[in-house]
Amino acid sequence: MNDRISAMYEKTRNGFYRRFRTGEIPQDEIDRIYRELPPHQAAVAALKTALSPAKPVIIPGERFQFTRNVTGNAIAPMQVGRRIENITPDWEILLRDGLNKRLAICRQQLEDKTLEPEKREFLESAAAMLTLTNDFAAAYSRAAADAGETELAQLLKKVPAEAPETLYEALQAIYFVFSMLHFTGCTLLGFGRMDQYLYPFYRRDLEQGVLTETEAAELLEEFFVMLNRENDIYGMMQRGDDGESLMLGGCKPDGSPAVNELTLLLLQVSETVAMINPKINLRVDSDTPDEILLAGLKLAKRGLGFPQYCNDEVVIPALIKFGYPPEAARDYTVAACWEFVVRDGRDIPNCASVNLALAADRAIRKALRENLDFPALLEEVKHFIKEQVPQPFPVLLPNPLFSAISGRCLERGRDLHCGGGSHYHYGIHGCASSTAADSLAAVKTLVYDSRKIAPAELLAALENNFADCEKLLALLKTAPKTGNADPVSSEMLKFVFNAFADAVEQLPPDARGGRIRPGTGAAQNYVMMTQCPDHPWYLRATADGRKEGEFFSSSLSPAPGVRARGVLSIFRTYGQLPYDRVCNGGPLTLELSPAYFRNPDALTKGVQLIRAFVASGCQQMQMNLLDREVLIDAQKHPERHRDLVVRVWGWSGYFTELDKPFQDQIIGREAYGQ
């Protein structure tokens, strides 16, 4: 980074831009609007109200502009659970048309005198919100002119109203609309396949001499730094959990390779900037060039917890089997964390979570209490999994601005949440899978097969949280553990995920044809389901020897404290899962020691590791560099470790900014060396 961008980095990390937030959106008025007006009209009125105290902020010397001067959003707190979130806007539509062309489509549709009232209401509200966005961009343009920033004034006069022609214009258009969508209450918004939709602008700029490769890199560096500016107000569960992910690589809708020069440049820019946003995802297959894999590993070496790797050879067939058209499945990206997003629809990929270990625990306790045989115990596991699968899901609020740049919503005359999409599916997580599998494996081998533990003894130990049970705990540690490619624990792992898929597949589609996609992720639940006794799926002591109050693992990985034989045994374990039935996503998380990358040939071996991941049949993978002693010191002396980044679940954050339970869980993760 040059000196100017480095200064922006420091200002971002030091909270410089928060000083401009001197106003506040009148939340009482927003609440009243949503109580009194129909949803489409409320969205327009709320955005007008939110923009009333908002003023353009022009910061000299910065090439991109949109800085929040107010706190809050244009949505009532009681409606937050019904808003747009966990989805990627269709940036390609914005860059192709600009907002004026989208506005023209609205007006053309509204000329139809026979238009249904519901469609008219949507189109009128979409036109109003597009106009409000254009008006605010025009206000920014005037403010830039008043500040003597002539180039910025011309830029903001053009985009996002008109279609951009250069990389600079495209990036400003994206950031302005991204910021406006947050104003409307959207959150966890991603950036999709950035190396695909920006590539034409990048190539044209180079060919026409508008930019050199170095200047393009600097432009992207500044854009990446800027994406970290508002993460304290865009986050969800924790700071940094803000959904700003992008996808690179993979294939085109026709199946041909999509990797290009911009794929490599974006990986290099992320390595240079080394901030938590945007979170990089990389689609890989057997033919991904070594150059791309090496660039991804150099980025991983920075200790940011990304890129997250998605195995196209597993993901695409699973999405096609689920029912997506092949062209759409090949064009997939991810939502905020890892969940797969397919264009021209409204999949809600993070609706609920099922605690697989809780289902196993309830079944085990019942079997021990009632003297059931092991097959009967497994049937009870199925029952308790099914008990947790939710349906129906809540009706969501329309967002006409988001819908105006989504698929064919304008042509269909319907909001994305109200029938404007081609598909409507729901994603739920399957949590604590390794704890579930290890518990079942322990009971099978030690209670039923070898009879080394009496049913009453184990039941009493579970009920008393293993108090004074050191010998029993030592025996439970000898049971098969997930991650070692052991046949018993691996079979139990496959069992719980197949049972999860069975429970979901038994449910009929909803009125819009929406079905549930089960997944293998845990999200924040390794804390919420183990540290919060009032959680409906709270987990007590489990038969693998885990005590109440101890964590389970994040997504797919061995249980805390389990030492697997190595990375390849982990691949062999998790490569057996039925990903064609659990296709909502969920990464295999490798916790690596920083020493892994100190070996001179670490990058070369890393390429082999990624190729082994692809060949193993695993679905997703992320690498987290953890040094336990550094983490402990950071917890005691946060001022010494301001920029220490860790992978929390499907996102990366600054360790010292996390709540202590999340810090503790990360400290307890097992790390693997070279």
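Along the sequence shown, residues are numbered consecutively beginning with 1.
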Asks: Taking the side chain from T520 and the backbone from G586, do they hold a donor-acceptor pair closer than 3.5 Å?
Replies: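 A pair under 3.5 Å: yes.
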Asks: Any chance the rings of W651 and F306 have centres within less than 6.0 Å?
Replies: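 No, they do not, as the ring centres are separated by 6.0 Å or more.
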Asks: Rounded to the nearest 0.5 Å, what separates atom CZ in R669 from atom CG in L631?
Replies: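 The distance works out to 10.0 Å.
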Asks: For K547, does its backbone N or O pair with a side-chain atom of E550 as donor and acceptor, under 3.5 Å?
Replies: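 Yes; judged by distance alone, with no hydrogens or angles, the pair exists.
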Asks: How many angstroms lie between CE in M194 and CD1 in I280, if you round to the nearest 0.5 Å?
Replies: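 M194 atom CE to I280 atom CD1 measures 8.0 Å (nearest 0.5 Å).
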Asks: With rounding to the nearest 0.5 angstrom, report the CD1 to CD1 distance, I428 to I516.
Replies: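 With rounding to 0.5 Å, CD1 (I428) is 5.0 Å from CD1 (I516).
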Asks: Under 4.0 Å between a side-chain nitrogen and a carboxylate oxygen: does that hold for R540 and E463?
Replies: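 Counted as a salt bridge, because a side-chain N and a carboxylate O are separated by less than 4.0 Å.
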Asks: With side chain to side chain contact (heavy atoms under 4.5 Å, CB included) as the test, would you mind laying out the steps for Y526 and C431 before giving the verdict?
Replies: CA-CA 8 Å; Y526 58 76; C431 307; over 6 Å; no
Asks: With a 4.0 Å cut-off, would you call D331 and K252 a salt bridge?
Replies: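 Looking at D331 and K252, the cut-off is not met.
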Asks: Decide yes or no on side chain to side chain contact (heavy atoms under 4.5 Å, CB included) for L626 and R647, but give the supporting numbers first.
Replies: CA-CA 9 Å; L626 297 179; R647 192 74 169 177; over 6 Å; no
Asks: In the structure I gave you, are the side-chain heavy atoms of S555 and L588 within less than 4.5 Å of one another anywhere?
Replies: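 Side-chain contact under 4.5 Å: no.
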Asks: Between H535 (side chain only) and M528 (backbone N and O only), is there a donor and an acceptor less than 3.5 Å apart?
Replies: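 A pair under 3.5 Å: no.
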Asks: Under 4.0 Å between a Lys/Arg side-chain N and an Asp/Glu carboxylate O for K494 and E491?
Replies: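 Salt bridge between K494 and E491, a charged N being under 4.0 Å from a carboxylate O: yes.
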Asks: Taking all non-hydrogen atoms of both residues into account, name the closest pair between N86 and A335 and its distance.
Replies: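 Closest approach of N86 to A335, heavy atoms only: O-CB, 3.4 Å.
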Asks: Is it the case that the side chain of Q576 and the backbone of R572 share a donor-acceptor pair, with hydrogens and angles ignored and the cut-off at 3.5 Å?
Replies: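 Side chain of Q576 to backbone of R572, a donor-acceptor pair under 3.5 Å: yes, one is there.
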Asks: Could you check whether the rings of F500 and F497 sit parallel, tilted or perpendicular, using 30° and 60° as the cut-offs?
Replies: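 Judged by the thresholds at 30° and 60°, the geometry between F500 and F497 is tilted.
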Asks: Which atoms form the tightest heavy-atom contact between L476 and A543, and what is the distance?
Replies: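 Minimum heavy-atom separation between L476 and A543: CD2-O, 3.3 Å.
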Asks: Do T482 and D438 pair up side chain to side chain, a donor and an acceptor below 3.5 Å, judged on atom types alone?
Replies: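 Judged by distance alone, the side chains do pair up.
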Asks: Could you walk me through whether D242 and K279 pass the salt bridge (Lys or Arg N to Asp or Glu O under 4.0 Å) test, one step at a time?
Replies: CA-CA 10 Å; D242 48 27; K279 287 87 175 173; 2.7 Å; yes
Asks: Would a distance-only check, ignoring hydrogens and angles, find a side-chain to backbone donor-acceptor pair under 3.5 Å from Q531 to G549?
Replies: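 At least one qualifying donor-acceptor pair exists.
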Asks: Check whether S245 reaches the backbone of A336 with its side chain - one donor and one acceptor, N or O, closer than 3.5 Å.
Replies: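 Checked: pair present.
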Asks: If you measure only the distance, is there a donor-acceptor pair under 3.5 Å linking the side chains of T263 and N260?
Replies: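 The answer is yes; a qualifying pair exists.
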Asks: Identify the heavy atoms of A359 and V381 that sit nearest to each other, and give their distance.
Replies: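 Closest pair (atom of A359, atom of V381, distance): CB-O, 3.9 Å.
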Asks: Where is the tightest heavy-atom contact between L319 and C583, given as atom of each residue plus distance?
Replies: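 Minimum heavy-atom contact is CD2-O, 4.2 Å.
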Asks: Just checking, any donor-acceptor pair under 3.5 angstrom between side chains of S434 and S553?
Replies: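 A donor-acceptor contact under 3.5 Å links the two side chains.
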Asks: In terms of side-chain geometry, is the basic nitrogen of D290 or R611 positioned less than 4.0 Å from the acidic oxygen of its partner?
Replies: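 Yes, this pair counts.
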Asks: If we ignore angles and hydrogens, is there a donor and acceptor under 3.5 Å between the side chains of S286 and E313?
Replies: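 Yes, E313 and S286 have a side-chain donor paired with an acceptor closer than 3.5 Å.
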Asks: Run the numbers on Y654 and H641 for ring-ring contact (aromatic ring centres under 6.0 Å, His included), then give the verdict.
Replies: CA-CA 9 Å; Y654 295 105; H641 302 274; over 10 Å; no
Asks: Where do E291 and L264 land on the side chain to side chain contact (heavy atoms under 4.5 Å, CB included) test, with the steps shown first?
Replies: CA-CA 8 Å; E291 182 182 32; L264 180 61; 3.2 Å; yes
Asks: Would you check, one step at a time, whether the test side-chain hydrogen bond (donor to acceptor under 3.5 Å, both in side chains) holds for D664 with Q635?
Replies: CA-CA 9 Å; D664 290 343; Q635 205 172 40; 2.9 Å; yes
Asks: Kindly compute the distance separating OG1 (T542) from CG (D361), expressed to the nearest 0.5 Å.
Replies: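 Output value for this atom pair is 6.5 Å.
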Asks: Give the intermediate values and the outcome of side chain to side chain contact (heavy atoms under 4.5 Å, CB included) for residues E387 and R362.
Replies: CA-CA 11 Å; E387 187 178 71; R362 288 178 173 176; 3.2 Å; yes
Asks: Can you find a side-chain donor-acceptor pair between N465 and E548 that sits under 3.5 Å?
Replies: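 Checked: N465/E548 side chains show no N/O donor-acceptor pair below 3.5 Å.
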Asks: Less than 4.5 Å apart, any side-chain heavy atom of M623 and any of Y596?
Replies: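 The answer is no; the side chains never approach within 4.5 Å.
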Asks: Working to the nearest 0.5 Å, report the span between OG of S270 and CG of N277.
Replies: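 Atom-to-atom, S270:OG and N277:CG are 10.0 Å apart.
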Asks: Is a side-chain donor or acceptor of N624 paired with a backbone partner of G305 at a separation under 3.5 angstrom?
Replies: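 Judged by distance alone, no pair lies under 3.5 Å.
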Asks: Tell me which pairs pass ring pair (Phe, Tyr, Trp, His ring centres under 6.0 Å) where either residue lies in residues 434-472, with sequence neighbours left out.
Replies: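 Every pair satisfying ring pair (Phe, Tyr, Trp, His ring centres under 6.0 Å) with a residue in residues 434-472: F374-Y448.
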Asks: Taking C251's backbone N and O only, do any of them form a donor-acceptor pair with R330's side chain (distance below 3.5 Å, no angle check)?
Replies: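 No: the side chain of R330 does not pair with the backbone of C251.
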Asks: Side-chain contact, heavy-atom cut-off 4.5 Å: S557 with F552?
Replies: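 Sidechains of F552 and S557: no contact.
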Asks: Check whether any side-chain heavy atom of M529 lies under 4.5 Å from a side-chain heavy atom of L358, and answer yes or no.
Replies: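 No, too far: nothing below the 4.5 Å cut-off.
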Asks: Does the side chain of Q388 come under 3.5 Å of the side chain of N355 through a donor N or O and an acceptor N or O?
Replies: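 Result is no, nothing qualifies.
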Asks: When you measure from the side chain of N584 to the backbone N and O of E339, does any donor-acceptor pair fall under 3.5 Å?
Replies: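 Side chain of N584 to backbone of E339, a donor-acceptor pair under 3.5 Å: no, none is there.
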Asks: Just wondering, do F597 and L603 contact through their side chains at under 4.5 Å, heavy atoms?
Replies: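 Heavy-atom side-chain distance check passes, below 4.5 Å.
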Asks: Do E271 and K298 sit within salt-bridge range, that is, some charged N less than 4.0 Å from a carboxylate O?
Replies: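 Salt bridge between E271 and K298, a charged N being under 4.0 Å from a carboxylate O: no.
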Asks: Mind checking whether W338 and H429 have parallel, tilted or perpendicular rings, split at 30° and 60°?
Replies: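 Correct class here is perpendicular.
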Asks: To check you understand the geometry: which heavy-atom pair defines the closest contact between V648 and G653, and what is its length?
Replies: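 Taking every non-hydrogen atom into account, CG2-N, 4.0 Å.
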Asks: Rounded to the nearest 0.5 Å, what's the gap from CD1 on I364 to CG on L459? Could you check?
Replies: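 So the gap between those two atoms works out to 11.0 Å.
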Asks: Could you go through the salt bridge (Lys or Arg N to Asp or Glu O under 4.0 Å) check for K481 and D486 one step at a time?
Replies: CA-CA 7 Å; K481 302 297 182 184; D486 171 85; over 6 Å; no
Asks: Could you check whether any side-chain N or O of S569 sits under 3.5 Å from a backbone N or O of G566, counting only pairs where one atom can act as donor and the other as acceptor?
Replies: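 Checking the backbone N and O of G566 against the side chain of S569, a donor-acceptor pair under 3.5 Å is found.
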Asks: Using a strict 4.0 Å threshold on nitrogen-to-oxygen distance, state whether D633 and R628 make a salt bridge.
Replies: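 A salt bridge is absent here (no side-chain N lies under 4.0 Å from a carboxylate O).
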Asks: Sequence neighbours left out, what pairs pass side chain to side chain donor-acceptor pair (under 3.5 Å) with at least one residue falling in residues 373-382?
Replies: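 Listed by first then second residue: K366-E380, E379-K382.
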Asks: Within 45 degrees of the axis of the six-membered ring of Y426 and under 6.0 Å from its centre: does R517 put its NZ or CZ there?
Replies: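 No, a cation-pi geometry is absent between R517 and Y426.
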Asks: For the pair Y332 and F340, name the ring-plane relationship: parallel under 30°, tilted 30 to 60°, perpendicular over 60°.
Replies: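 Answer is perpendicular, since the angle exceeds 60°.
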Asks: For residues N311 and C618, report the shortest heavy-atom separation together with the two atoms involved.
Replies: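 Here N311 and C618 meet closest at ND2-O, 3.0 Å.
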